[in-house]
Amino acid sequence: MRDRKEFDYYIFIDFSENLIGYNIIGKEKVKELLPKIIKLKHYRSLKHKREYLRAMKKLFTREKIDSFILKSKIISIRDNVAIFTEVLEFVKKNKHCIIFVSIDDFQFKHFKRLLNVVDGGNTEIIQESKLKNGTPEYQMSLIIDTMLNIERRKEY
């Protein structure tokens, strides 16, 4: 990532097994959101996954995390084109804005090609694995990671 800069929108695209999803967060919500999501961790690194998901589901409800997200969607991975289309339409509609996009490593190459078609030059795209732990972008990327795992493991 380049020097620290403020983006107008932050877009996070991630997938978990058979689900794919995205979140779009506006810059005006970031400062208020970050203290509320400090307890989020990367799901794969957890020892007690079931307990974590229960606790995070309660946290999302209590802190009204959905109210900080401008747009969000989770669907089957088979429909990933629908996710890409929605995100690309958002980027195209907001060409004048500076947009940060983090995308799962497996989807990165394909999405980057599509983004180049609609991008007005103000979009910074980064692979999820390249996000630095402890940065606001990394912390916000954990929201969609957690949402996908909650959705995938609904029985909890």
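- Residues Thr61 and Lys58 form no side-chain contact, since every pair of their non-hydrogen atoms from C-beta on lies 4.5 Å or further apart.
- In terms of heavy-atom proximity, Gly21 sits nearest to Ile83 at CA-CD1, 4.3 Å.
- With sequence neighbours excluded, the residues forming a side-chain contact (heavy atoms from CB on, under 4.5 Å) with Glu89 are Thr85, listed by chain and number.
- Residues forming a side chain to side chain donor-acceptor pair (under 3.5 Å) with Asp14 (at least two apart in sequence, or on another chain): none.
- Counting only heavy atoms from C-beta outward, the side chains of Phe68 and Ile37 never approach each other to under 4.5 Å.
- Remark: Tyr10 OH to Leu33 CG distance equals 11.0 Å, nearest 0.5 Å.
- Every pair passing ring pair (Phe, Tyr, Trp, His ring centres under 6.0 Å) that includes a residue from residues 75-97 is listed here, sequence neighbours excluded: Tyr9-Phe90, Phe84-Phe111.
- Residues Asn94 and Ile99 approach most closely at O-CD1, 3.8 Å, considering heavy atoms.
- Residues passing the salt bridge (charged side-chain N to carboxylate O under 4.0 Å, His left out) test with Glu17 are Arg152, sequence neighbours excluded.
- For Asn80, the side chain to side chain donor-acceptor pair (under 3.5 Å) partners at least two apart in sequence or on another chain are Gln107.
- Applying the side-chain contact (heavy atoms from CB on, under 4.5 Å) rule to Tyr138 yields the partners His42, Leu131, Asn133, Thr135, Ser141, Leu142; only residues at least two apart in sequence or on another chain are considered.
- Distance check, rounded to the nearest 0.5 Å: CG of Leu148 to CZ of Phe15 gives 10.0 Å.
- Considering only heavy atoms from C-beta on, Ile77 stays 4.5 Å or farther from Leu19 through its side chain.
- You'll find the side chain of Val101 stays beyond 4.5 Å of the side chain of Ile126, heavy atoms only.
- Under the side-chain contact (heavy atoms from CB on, under 4.5 Å) rule, Glu128 has a single partner from Asp104, Ile103, Ile13, which is Asp104.
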Start with the C-alpha gap between Leu88 and Leu115, add the side-chain angles, then the distance that decides, and say whether side chain to side chain contact (heavy atoms under 4.5 Å, CB included) holds.
-> CA-CA 6 Å; Leu88 292 170; Leu115 182 66; 3.8 Å; yes

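- Interatomic distance, Ile144 CD1 to Glu151 CD, rounded to the nearest 0.5 Å: 10.0 Å.
- Within the 3.5 Å criterion, the main-chain N or O of Lys95 finds a donor-acceptor partner in the side chain of Asn122.
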Applying side chain to side chain contact (heavy atoms under 4.5 Å, CB included), run through Leu70 and Ile25 and close with a yes or a no.
-> CA-CA 5 Å; Leu70 181 65; Ile25 302 168; over 6 Å; no

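- Applying the side-chain contact (heavy atoms from CB on, under 4.5 Å) rule to Ser129 yields the partners Asp105, Gln127; only residues at least two apart in sequence or on another chain are considered.
- Atom NZ of Lys71 has more than 12 heavy atoms from other residues, nucleotides or ligands within 6.0 Å.
- Follow the hydrophobic side-chain contacts under 4.5 Å out from Ile20 and you reach Phe106 in the same cluster.
- The distance from atom CG of Leu40 to atom CE of Met147, rounded to the nearest 0.5 Å, is 11.0 Å.
- Here Phe108 pairs with nothing under the ring-ring contact (aromatic ring centres under 6.0 Å, His included) rule; sequence neighbours left out.
- Legend: residues meeting side chain to side chain donor-acceptor pair (under 3.5 Å) with Lys112, ordered by chain and number and at least two apart, are absent.
- In this structure, OG on Ser16 lies 4.0 Å from CG on Asn149, to the nearest 0.5 angstrom.
- For the residue pair Glu137 and Phe12, the shortest heavy atom distance occurs at O-CE2, 3.3 Å.
- In this structure, the separation between CD1 on Ile150 and CG on Asp145 is 10.0 Å, given to the nearest 0.5 Å.
- When hydrophobic clusters are built by joining Ile, Leu, Val, Met, Phe, Trp and Tyr residues whose side-chain heavy atoms come closer than 4.5 Å, directly or via intermediates, Leu114 is not grouped with Val81.
- When all heavy atoms of Met56 and Thr146 are compared, the closest pair comes out as CB-CG2, 3.7 Å.
- Annotation: salt bridge (charged side-chain N to carboxylate O under 4.0 Å, His left out) contacts of Asp8 (sequence neighbours excluded): Lys27.
- For Glu28, the side-chain contact (heavy atoms from CB on, under 4.5 Å) criterion is met by no residue, not counting sequence neighbours.
- Within the structure, every pair that satisfies the salt bridge (charged side-chain N to carboxylate O under 4.0 Å, His left out) test and touches residues 29-42, not counting sequence neighbours, is listed here: Lys36-Glu63.
- Pairing each heavy atom of Pro136 with each of Leu34, the nearest pair is CB-CD1, 3.7 Å.
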Might you work through the side chain to side chain contact (heavy atoms under 4.5 Å, CB included) test for Ile65 and Ile143, ending with a clear yes or no?
-> CA-CA 9 Å; Ile65 299 302; Ile143 296 172; 4.2 Å; yes

